[in-house]
Amino acid sequence: MSLKLNSKYLKNFVNENELDGIKAQVETAAKVLHDKTGQGSDFLGWLDLPVDYDKDEFERIKAAAAKIQSNSEVLIVIGIGGSYLGARAAIELLKSPMYNNLKKDTPDIYYVGNNINPTYLSEILSICDGRDIAVNVISKSGTTTEPALAFRIFKKLVEDKYGKEGAKDRIFCTTDKARGTLKELADTEGYETFVIPDDVGGRFSVLTAVGLLPIAVAGCDIDALMGGAAKAREDFMADFDNNDCYKYAALRNILYRKGKSVELMVSYDPSFCMMSEWYKQLFGESEGKDNKGILPDSVVFSTDLHSMGQFIQEGSRIMFETVVDIKKPKQDIFLENDKENLDGLNFLTNQNMSVVNRRALEGTILAHTEGGVPNIILEMDEINEDNLGYMIYFFEKACAVSGYVLGVNPFNQPGVESYKSNMFALLGKPGYEDKKAALEEKLGR
Ligand code: PA5
């Protein structure tokens, strides 16, 4: 199991004194986190989750996954933000971004309720036509509009196809243990429910039933995933000098204070794309408040070297890169020599394609650092469940510590409410009448 921070390319950007200088702040932040005395301390359930989770429910998750695998060709995962990104990220990393197109003995998985676009939903409804489906609706609050709307449509689809009784075998609800519209509906209809613990916020919930059920349906080993996270929990209790998680939190803050206000998560594997989306929510929602925070963004190389590469090399010097360096790809391709060499590519042959990708990584790190972009490297030996669990915990803890060092509450998201109340008002939700009139006026209607 591995995830190692390599800071050797930071030499021209951060010196040892600076790390020493911020060390006490990071240690204080970590103590506040462990002692549960900081802001948002009601939402620290994820800290011990890898060892302190509901083992009976864990077995029920596996049983539900096996049932879905045996009776369904398609699983519809309904959720938004923290209620879907982690599952999708894990499945695409561990299996493939082309998961649905692979030959496999597990159901295809589609994600809905993460937008309100009618074309997107219609297309997925068509894909379900004539196929056996199961639905996992995930919402902690149980009241979020996007998933609630999608669930209304898929609930009807399942009931029309299998009847009210049959739907009980095919609809699984992941929500609060006691509160919310979804919990009430699930109890009324007799659907199996899984719990999002009170003290685990959405973006920290991938290792609860929120992520685990879809991940298990995709055939991933959720025991190994939790095992990796448990190992990280242990490793990242170490003191600062032996703790890559704390050092990463420290480096981010040092760079931020030097004007680097954008972090680009870089990977050389398209299967990491959704992990970057998960990382963006985790850090963006946790740190972006009080007019502060590093803007999390992401690129996949070499793809984006042909779109964003110019800006990164020579544009505004506002960013640093965090490169996820996965040493061994899941598959490799041997590049054969071509007698005619018409394309002039024989200099690349008689070796694996992963070597070409590695030289691209090395060359790019050197070019970007020379162009004034600090590069933090996170090295992972290979993609598997253990390493993913380890990495998830690494980022979660780094995010919490980094947020406390920044001086924000990493566990709330007050800003997310603004668009919701505007949308409700414009849609004429009862109780929003005054606001509707004011907004209509601003829109010039
Ligand atoms: O991290 C968060 O809290 C949010 O992104 C939520 O996960 C997201 O808004 C979905 O909320 P809910 O699970 O209540 O539907």
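Quick note: residue numbers are just sequence positions, from 1. Counting convention: from 1, in listed order, for ligands and their atoms alike. We use all heavy atoms of the structure for the numbers below, so side chains are in, but hydrogens, waters and symmetry mates are not.
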Self-check item: atom 5 (O) of ligand 1: nearest protein contact (heavy atom, Å)
Solution: Gln281 NE2, 2.5 Å
Quiz item: So which protein heavy atom does atom 6 (C) of ligand 1 come closest to, and at what separation?
Solution: Gly82 N, 4.0 Å
Exercise. State whether the shortest distance between N or O atoms of Gly142 and N or O atoms of ligand 1 falls below 3.5 angstrom.
Key: no
Quiz item: What atoms of ligand 1 come closer than 4.0 angstrom to any heavy atom of Arg203?
Solution: 1 (O), 2 (C)
Exercise. Would you kindly check if the NZ (Lys) or CZ (Arg) of Lys104 is within the cone defined by 45 degrees around the ring axis of Tyr99 and under 6.0 Å from the six-membered ring centre?
Key: yes
Quiz item: Is NZ or CZ of Arg252 both nearer than 6.0 Å to the six-membered ring centre of Phe320 and within 45° of the ring axis?
Solution: no
Quiz item: Heavy atoms, side chains only, cut-off 4.5 Å: are Leu10 and Asn375 in contact?
Solution: no
Practice problem: For atom 3 (O) of ligand 1, grab the closest protein heavy atom and report residue, atom and distance to one decimal in Å. | Solution: Gly202 N, 3.6 Å
Exercise. Please write down residue, atom name and distance for the protein heavy atom closest to atom 8 (C) of ligand 1.
Key: Ile80 O, 3.5 Å
Exercise. Any atoms of ligand 1 less than 4.0 Å from a non-hydrogen atom of Thr144? List them with their elements.
Key: 11 (O), 12 (P), 14 (O), 15 (O)
Quiz item: Hey, which atoms in ligand 1 end up nearer than 4.0 Å to a heavy atom of Ser141?
Solution: 12 (P), 14 (O), 15 (O)
Quiz item: Do we see a donor-acceptor contact under 3.5 Å between the side chains of Asn409 and Tyr404?
Solution: no
Quiz item: Relative to Tyr53, does Lys55 satisfy both conditions: NZ or CZ under 6.0 angstrom from the six-membered ring centre, and within 45 degrees of the ring's axis?
Solution: yes
Practice problem: Would you please indicate yes or no on a ring centroid separation below 6.0 angstrom for Phe43 and Phe204? | Solution: no
Quiz item: Under 4.0 Å from any heavy atom of Glu285, which atoms of ligand 1 are there?
Solution: 1 (O), 2 (C), 4 (C), 5 (O)
Practice problem: Determine whether the side chains of Ser402 and Asn253 contain a donor N or O and an acceptor N or O closer than 3.5 Å. | Solution: yes
